[in-house]
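Letters A, B, ... are given to chains in the order of the sequence lines, protein chains preceding strands, and every chain is numbered from 1.
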Number of protein chains: 2
Amino acid sequence: MLAARYVSARTVEVGPADTAPPAAGQVQVAPAFTGVCGTDLHIFHGDMDQRVSRPAVIGHEVSAVVAAVGEGVEGWAVGDRVTVMPLAWDGTCPACLAGNQHVCQHLDFIGIDSPGGLQQRWNVPASTLVRLPDGLSLRDAALVEPTAVAVHDVGRAGVQAGETVVVVGAGPVGLLIALVATSTGADVRVVELDAHRRSVAAGLGLQTLDPREQDVVAAVEEWTGGAGAAVAFEVSGAAGGVTTAVDVLGVRGRLCLVAIHPTPREVNLHRFFWRELTLIGARLYERSDFERAVELVASGAVPADTVISRVVPLAQAADAFAALEGGAGVVKVLVDCREDTGAPRG
Amino acid sequence: MLAARYVSARTVEVGPADTAPPAAGQVQVAPAFTGVCGTDLHIFHGDMDQRVSRPAVIGHEVSAVVAAVGEGVEGWAVGDRVTVMPLAWDGTCPACLAGNQHVCQHLDFIGIDSPGGLQQRWNVPASTLVRLPDGLSLRDAALVEPTAVAVHDVGRAGVQAGETVVVVGAGPVGLLIALVATSTGADVRVVELDAHRRSVAAGLGLQTLDPREQDVVAAVEEWTGGAGAAVAFEVSGAAGGVTTAVDVLGVRGRLCLVAIHPTPREVNLHRFFWRELTLIGARLYERSDFERAVELVASGAVPADTVISRVVPLAQAADAFAALEGGAGVVKVLVDCREDTGAPRG
């Protein structure tokens with residue numbers, strides 16, 4: 001079988017790899033499509049070399065077919081179509097004991113902390129598998145993991161039908177949040193500096209605001225009749241994005257913090273006090289988020305044909321990283337990991 | 001009658017003042033005891049001259065006796081013992097319409113934005129009055145307003161019995177939060193740099209941590225068995241207090257922001273993401289908080305004899321500000337506004 005390996009900054013090599021049978025409690029899957037996300041790009045850039053053991057098979061947005069079942073595993077059979085919720089927790093830390101396993105204090109994020117899905121055979125804990133419905137193609141199912149992130153974020157923010165929502169940043173996660181919030185019945189505006197990304201958002205039926213062309217806070221004030229937005233999502237990762245997300249919120253507004261900010265940011269805490277705002281950190285997803293994401297992708301609420309910009313074969317996996325880097329118009333790039341791409345199984 | 005007036009930075013003058021009968025919908029009260037709080041001290045320092053119309057009768061922590069009842073007011077009679085919830089809202093802004101009148105977008109904070117209780121006759125909207133139970137003295141009832149702040153903060157944070165709570169900053173509000181959280185059944189630690197304030201906290205039965213003597217984050221880790229605290233209150237107003245309050249929290253921990261931070265603060269947003277923390281702004285109080293505060297002061301859960309450091313007569317109102325400035329061991333200073341202090345009415 002083939003595997004794509006991150007070797008060092010800006011270098012991904014594809015070559016043959018050995019397979020081991022699944023251990024007890026594991027299932028061996030044959031990845032079909034593996035999406036490449038922003039975190040993968042950080043790894044590709046060498047920014048996470050302290051965390052990633054190289055050479056590393058990365059990738060955690062995976063649709064797959066069960067290829068073998070390990071000892072003691074029940075409920076799964078060869079040929080089952082699945083996606084993988086790539087989390088393994090210790091079950092014993094205070095976070096796990098409090099029921100927050102997805103933010104386990106010793107979490108193994110499979111595909112970052114341990115081998116991922118950019119290969120043709122992948123052994124994963126049986127507990128990570130999520131079954132795909134018949135109507136959902138393997139290609140589209142590679143969108144389930146990032147959609148689960150968005151479902152989790154929208155859930156953490158408690159978005160209700162009819163609420164006004166501002167999404168700051170129209171990268172893939174921002175777009176998915178906007179789509180999921182829209183499917184919840186919220187009235188959504190997407191703030192994005194980049195014209196290509198705004199056009200992609202518009203192509204998904206989303207309304208956009210351009211901070212270079214208009215005063216976003218004034219526009220939101222007008223749109224909301226002076227109330228300010230009920231919810232904002234910070235998905236830009238930029239200092240200015242934090243400021244915008246705080247400034248657009250009305251009294252008792254909720255700011256869901258999705259993006260990773262590696263360094264501390266200046267936050268207008270006075271406004272949090274004055275308007276009784278809430279800031280809610282959101283990371284990853286829980287199983288219920290994954291199951292809801294399967295439904296949303298299957299139903300077309302996430303329009304896969306628009307979100308998936310490009311599919312490259314595993315042998316050219318490095319091209320997926322290059323495409324993500326290069327094109328602002330690119331949303332989601334998938335790697336086709338199937339051994340026989342001429343015989344669609346999805 | 002006499003009134004104390006803030007004239008200019010560091011100058012409070014006491015002198016005769018005219019009284020007007022209460023207008024329709026108003027009640028005229030005779031303030032008994034008026035507490036001086038940190039915001040009053042800011043005004044005294046001249047820091048709020050842009051907001052306060054001078055000369056200003058300030059003061060908003062008031063116990064009083066009804067002296068006259070305006071036209072159309074029902075339910076109140078001369079001699080009724082009351083405290084005053086010093087908020088007047090417009091009832092028409094988006095915050096009011098959403099049920100958040102206490103953070104009305106055009107709020108009149110009585111005692112700051114309009115005349116307050118450092119005088120012997122005070123006309124207030126009848127809607128602001130809260131009745132005192134028989135067992136609660138007028139002196140102790142001056143603690144109801146700051147206690148209502150603490151009740152609101154503890155409620156916003158959703159503190160539950162058995163939870164671990166860290167209060168950063170042991171000024172009057174921090175101490176009251178610690179007492180209210182303790183009365184809720186929480187296990188509380190108070191972080192305070194100042195030795196006098198720590199000794200006051202200890203005198204109230206609270207456990208304290210000294211950041212100069214110990215690593216507070218490590219101490220909380222050990223205390224909570226590696227989990228981190230469930231709740232932190234930032235009541236210090238200092239940049240370092242924000243950092244401490246963030247760093248002590250466990251997974252899904254809630255940080256209730258109580259203090260006023262006039263300038264933006266650097267916040268470790270990565271930790272909010274990583275541990276799914278929540279930051280909750282809290283301002284003022286709602287009527288239910290005021291009613292609960294009456295119960296807590298009346299029950300002794302807030303030990304008034306320890307919290308009230310000093311009482312000065314209205315004629316020496318300026319001394320109250322000086323006492324607050326000078327002594328770190330001082331918690332709450334009251335001004336006795338009664339016309340005949342020889343005849344206790346409380």
Checklist outcome for this item: Expected contact set for residues 264-276 of chain A against chain B at heavy-atom separation under 4.5 Å reads A:P264, A:R265, A:E266, A:V267, A:N268, A:L269, A:H270, A:F272, A:F273, A:W274, A:R275, A:E276
Checklist entry - Just checking heavy atoms, which of residues 90-105 of chain A are less than 4.5 Å from chain B? => result A:P94, A:A95, A:N100, A:H102, A:V103, A:Q105
Item to check | Whether over 12 other heavy atoms sit under 6.0 Å from B:H45 NE2 | outcome: yes
Checklist entry - Heavy-atom distance under 4.5 Å to chain A: side chain of B:L277, backbone, both or neither? => result backbone
Item to check | Atom group of A:R254 that falls short of 4.5 Å from chain B, counting heavy atoms | outcome: neither
Item to check | Contact origin within A:V242 toward chain B - heavy atom pairs under 4.5 Å | outcome: side chain
Item to check | Largest heavy-atom contact set with chain B, pairs under 4.5 Å, which of A:T243, A:V251, A:L279 | outcome: A:L279
Item to check | Evaluation steps, side-chain contact (heavy atoms from CB on, under 4.5 Å), between A:T278 and B:T278 | outcome: CA-CA 7 Å; A:T278 302; B:T278 302; 3.4 Å; yes
